[in-house]
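Notes follow once the structure below has been shown.
Along the sequence shown, residues carry numbers from 1.
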Amino acid sequence: MAAVFLLVGMLLQFFTTITGIGVNYGMTADNLPAPSVVANFLKTQTIFDSVKLFDANPDVLRAFANTGISVSVTIGNGDIPGLTNTVTARRWVEQHISPFHPQTKIKYVLVGTEVLFSKNDDWINNLVPAMRSLHYALVKSGFPEIKVTSAHALNIFRRETIPSLMRFMIGYDQSFFAPILQFHQRTKSPFMVNPYPYFSPDLSKRLNYALFKPNSGVYDKYNRKTYTNMFDALMDSTYTAMKALGYGNVEIAIGETGWPTQGDASSPFASMENAISYNGHVVKEIVSGKGTPLMPNRTFETYMFALFNENQKPGPLVEKYWGMINPDFTPIYDVGVLRNGQSTPTPATPAPSSKNFCVPKLDVSNAQLQSNLDYACGQGGIDCTPIQPGGACYEPNTLRSHAAFAMNSYYRTKGQIYFSCDFAGTGQITTLEPSYGDCRYL
């Protein structure tokens, strides 16, 4: 952990005068500040010079007017087939771009998200036609500077291998990726990918490789490069696959990359320390322009994932905890993206009083209580023996009582930082003493 704190200190010095990185601004939450306040915070307090939205929310677009921050908007996958019609595309531009640009500096229109991953043939087959139609509509509307792209998950390769042998999937290489890359080459727009080492198979065996920590590396005997981290390998794999189709000169942008800070028992590598290590090294690589072994000194336009945690996001608990900034704009952790020189990787909010406790909210389901119990007791340093049979807090033998004890123990062990009592929005901090009889909530 000491190495992580040292990394943060080095990054803060390194980024005092360098900017040039973006962030994903998701809003699937019920506790986020107003977009205008977010825009001012990004402009005045961070090095982020661009944001990527997952829609074309007009309130957000208005909020970023005259800030100098570039904005990318996203069209939902379900809208792809209809936008192959040029009349529909022109109408979309009139409704979602013309009222805001150039006061709001819209840079990209993303057509869908990870479309190939959806396995929806209607979306996949219509992606390139929709991109062409929107490009035509933007040009005809007088916005040729706004580029069209689409973000792709990196499940697009034939098989996992060394970067020099990486190729796009058979059946999609010529029919899907070649037309996309031809479009990008013709329109001078970037091919956008979402590299996520966190989702790599066998992560437990390659954790240090994914986190930029010391490891034996991977030697590619064909390009004679040694890869010491998975991020570089993923980027060079993308470049190699593009080059094999004859499009090695197309720019590559990173639509999303990041690491979660917490999850449940099914997400053992989601932690604050790992998020600091991965995101810190990625930010350092990107803003330094270091490039990769096959693309030295190359700059990749990058959008970190994500600005905020999103407590209303569906799916596993880990999906809610990718944020870097709290709703009150204190850092969940800082890897050099703040301008004010804060160096702590934990929230800057004062620690709550020692008389505060973490307990479940009243309307929490049994399924969520069980998930909270399993997660808290599965963490190192949490003593759950008092709620085992014979323990001082075993009675009353109810799920709610046991979960409350475990959640409070987790909260205390994590330094009573307020987000440690979040538990996907099911925890609350109280000053009411929950101890009873011989059962003491520490």
Side-chain angles (χ1 to χ4, degrees), residues 1-15 23 195-200 202-216 228-232 256-286 304-310 316-326 330-338 342-349 351 358 372 374-383 406-407 409-424 427:
M1 190 65 171
V4 171
F5 281 83
L6 179 61
L7 166 67
V8 171
M10 293 171 60
L11 291 174
L12 288 166
Q13 286 188 334
F14 186 76
F15 297 137
V23 67
Y196 275 110
Y198 174 79
F199 292 115
S200 173
D202 301 320
L203 184 59
S204 60
K205 300 177 182 177
R206 306 190 294 173
L207 188 59
N208 284 356
Y209 184 55
L211 293 173
F212 294 80
K213 291 184 177 181
N215 63 90
S216 58
T228 58
N229 67 81
M230 197 181 299
F231 177 82
D232 282 352
E256 299 176 26
T257 193
W259 199 283
T261 53
Q262 63 174 292
D264 54 25
S266 66
S267 311
F269 305 114
S271 71
M272 185 80 71
E273 181 178 357
N274 289 348
I276 292 170
S277 182
Y278 177 76
N279 287 337
H281 281 94
V282 169
V283 171
K284 178 182 178 182
E285 279 211 5
I286 296 303
M304 299 301 296
F305 190 86
L307 181 58
F308 297 117
N309 287 331
E310 296 177 80
L317 184 66
V318 70
E319 289 295 326
K320 306 175 191 294
Y321 291 100
W322 293 76
M324 305 171 74
I325 304 295
N326 286 306
T330 57
I332 295 175
Y333 58 92
D334 182 21
V335 288
V337 300
L338 298 177
Q342 295 186 45
S343 59
T344 174
T346 53
T349 50
C358 177
N372 294 353
D374 293 343
Y375 176 74
C377 290
Q379 301 300 299
I382 308 296
D383 181 14
M407 290 167 66
S409 297
Y410 177 87
Y411 169 66
R412 287 304 185 95
T413 301
K414 297 301 180 181
Q416 301 183 74
I417 299 166
Y418 76 91
F419 72 81
S420 296
C421 186
D422 184 72
F423 289 95

Calculate, to the nearest 0.5 Å, the distance between atoms [atom1] and [atom2] belonging to [X] and [Y] respectively.
X: S267; Y: E319; atom1: OG; atom2: CD; result: 8.5 Å
X: I286; Y: M304; atom1: CD1; atom2: CE; result: 8.0 Å
X: N229; Y: N208; atom1: CG; atom2: CG; result: 12.0 Å
X: D264; Y: K320; atom1: CG; atom2: NZ; result: 10.5 Å
X: T257; Y: Y278; atom1: OG1; atom2: OH; result: 2.5 Å
X: H281; Y: L211; atom1: NE2; atom2: CG; result: 9.5 Å

Closest heavy-atom pair and its distance - [X], [Y]:
X: C377; Y: I382; result: CA-CG2, 4.4 Å
X: G263; Y: A270; result: N-CB, 3.9 Å
X: E256; Y: P195; result: O-CD, 3.3 Å
X: A376; Y: M407; result: CB-N, 4.3 Å

Centroid-to-centroid, W259 to F231, below 6.0 Å?
no
Are [X] and [Y] packed together at the side-chain level, in the sense that at least one heavy-atom pair is separated by less than 4.5 angstrom?
X: I325; Y: L338; value: yes
X: K213; Y: L207; value: no
X: T261; Y: M272; value: yes

Among E285, M230, K284, side chain to side chain contact (heavy atoms under 4.5 Å, CB included) partner for F212
E285
If you apply the rule side-chain contact (heavy atoms from CB on, under 4.5 Å), what do you find for Q262 with D422, and how did you get there?
CA-CA 11 Å; Q262 63 174 292; D422 184 72; 5.5 Å; no
